[in-house]
Amino acid sequence: MSVPKAVAATIRLRVPAGGARPAPPVGPALGQYRLNLMAFCKDFNARTQKFKPDTPMAVTITAYKDNTFEFIVKSPSVSWYLKKAAGIELGSTRPGHVTATTLSLRHVYEIAKVKQSDPFLQNMPLESLSKSIIGTASSMGIKIVKDLD
């Protein structure tokens, strides 16, 4: 049985897909734990090359005391997907009162299928993910309808 490595820190960053560079915000965050910046940038960019550039990817980096690291890349946030699908920059300033835009259930289903590929959500039923996405949409002032007219 192997001995677990001592964890120095857990770092959470939001980095654009294929855009990890040793400059801020990545450089200072990893540099203070003496991690290999170029190795992280190359690995991250290789893992996120299937996404469009500038897609904000959440990454959780586990830094160990022996200056090694592991990282998990998560897909973009639900709110980012909803804004892209709706073609808007911001949600409603008064959700529940003012509707920013409308989306169909098909959009919600597609976002749920993409989010289900996340390691933490892969065992969650598609229906539960869809309900969660509808809740996020309503808190952003996006109305969900059965079919777009």
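This chain uses plain numbering: 1 for the first residue, then up along the sequence. If you're wondering where the values come from, they're calculated on a predicted model, not measured in any experiment. Computation of the quantities below employed the complete heavy-atom set of this structure, encompassing side-chain atoms and omitting hydrogens, waters and symmetry-equivalent molecules.
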Can you name the nearest heavy-atom pair linking [X] to [Y], along with the distance?
X	Y	answer
Arg21	Val26	O-CB, 3.4 Å
Arg47	Phe71	NH1-O, 2.9 Å
Pro16	Phe44	O-CE2, 3.5 Å
Asn45	Gly18	OD1-C, 3.1 Å
Lys115	Ser77	NZ-CA, 4.3 Å
Phe69	Asn36	CE2-O, 3.8 Å

Linked, directly or transitively: [X] and [Y] (ILVMFWY side chains, under 4.5 Å):
X	Y	answer
Ile72	Phe51	no
Ile111	Leu105	yes
Phe40	Val7	no

Checklist line | Set of residues satisfying side chain to side chain contact (heavy atoms under 4.5 Å, CB included) with respect to Lys131, sequence neighbours excluded | finding: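 Side chain to side chain contact (heavy atoms under 4.5 Å, CB included) list for Lys131, sorted by chain: Glu127.
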Margin query: List the residues meeting side chain to side chain contact (heavy atoms under 4.5 Å, CB included) with Thr60, not counting sequence neighbours, and say none if there are none.
Written below: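 So Thr60 forms a side chain to side chain contact (heavy atoms under 4.5 Å, CB included) with Thr10, Arg12, Lys74.
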Separation between [atom1] of [X] and [atom2] of [Y], rounded to the nearest 0.5 Å:
X	Y	atom1	atom2	result
Phe120	Ser75	CZ	OG	11.5 Å
Arg106	Ile144	CZ	CD1	13.5 Å
Ile133	Ser128	CD1	OG	11.0 Å
Glu89	Lys83	CD	NZ	8.0 Å
Lys146	Ser104	NZ	OG	12.0 Å
Ser130	His107	OG	NE2	13.5 Å

Checklist line | side chain to side chain contact (heavy atoms under 4.5 Å, CB included) evaluation trace for Glu70 with Tyr64 | finding: CA-CA 8 Å; Glu70 292 177 353; Tyr64 297 106; 3.1 Å; yes
Next item on the list: Check whether any side-chain N or O of Thr136 sits under 3.5 Å from a backbone N or O of Ser132 as a donor-acceptor pair, and report yes or no.
Entry: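 Present.
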Next item on the list: Have a look at Ile142 and tell me which of Leu82, Ile134, Val108 forms a side chain to side chain contact (heavy atoms under 4.5 Å, CB included) with it.
Entry: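 The residue from Leu82, Ile134, Val108 that satisfies side chain to side chain contact (heavy atoms under 4.5 Å, CB included) with Ile142 turns out to be Leu82.
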Next item on the list: Starting from the C-alpha separation in whole Å, work towards a yes-or-no answer on side chain to side chain contact (heavy atoms under 4.5 Å, CB included) for Val15 and Met57.
Entry: CA-CA 5 Å; Val15 184; Met57 306 297 289; 5.6 Å; no
Next item on the list: Check whether any side-chain heavy atom of Ile11 lies under 4.5 Å from a side-chain heavy atom of Tyr33, and answer yes or no.
Entry: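 Contact flag for Ile11/Tyr33 side chains = yes.
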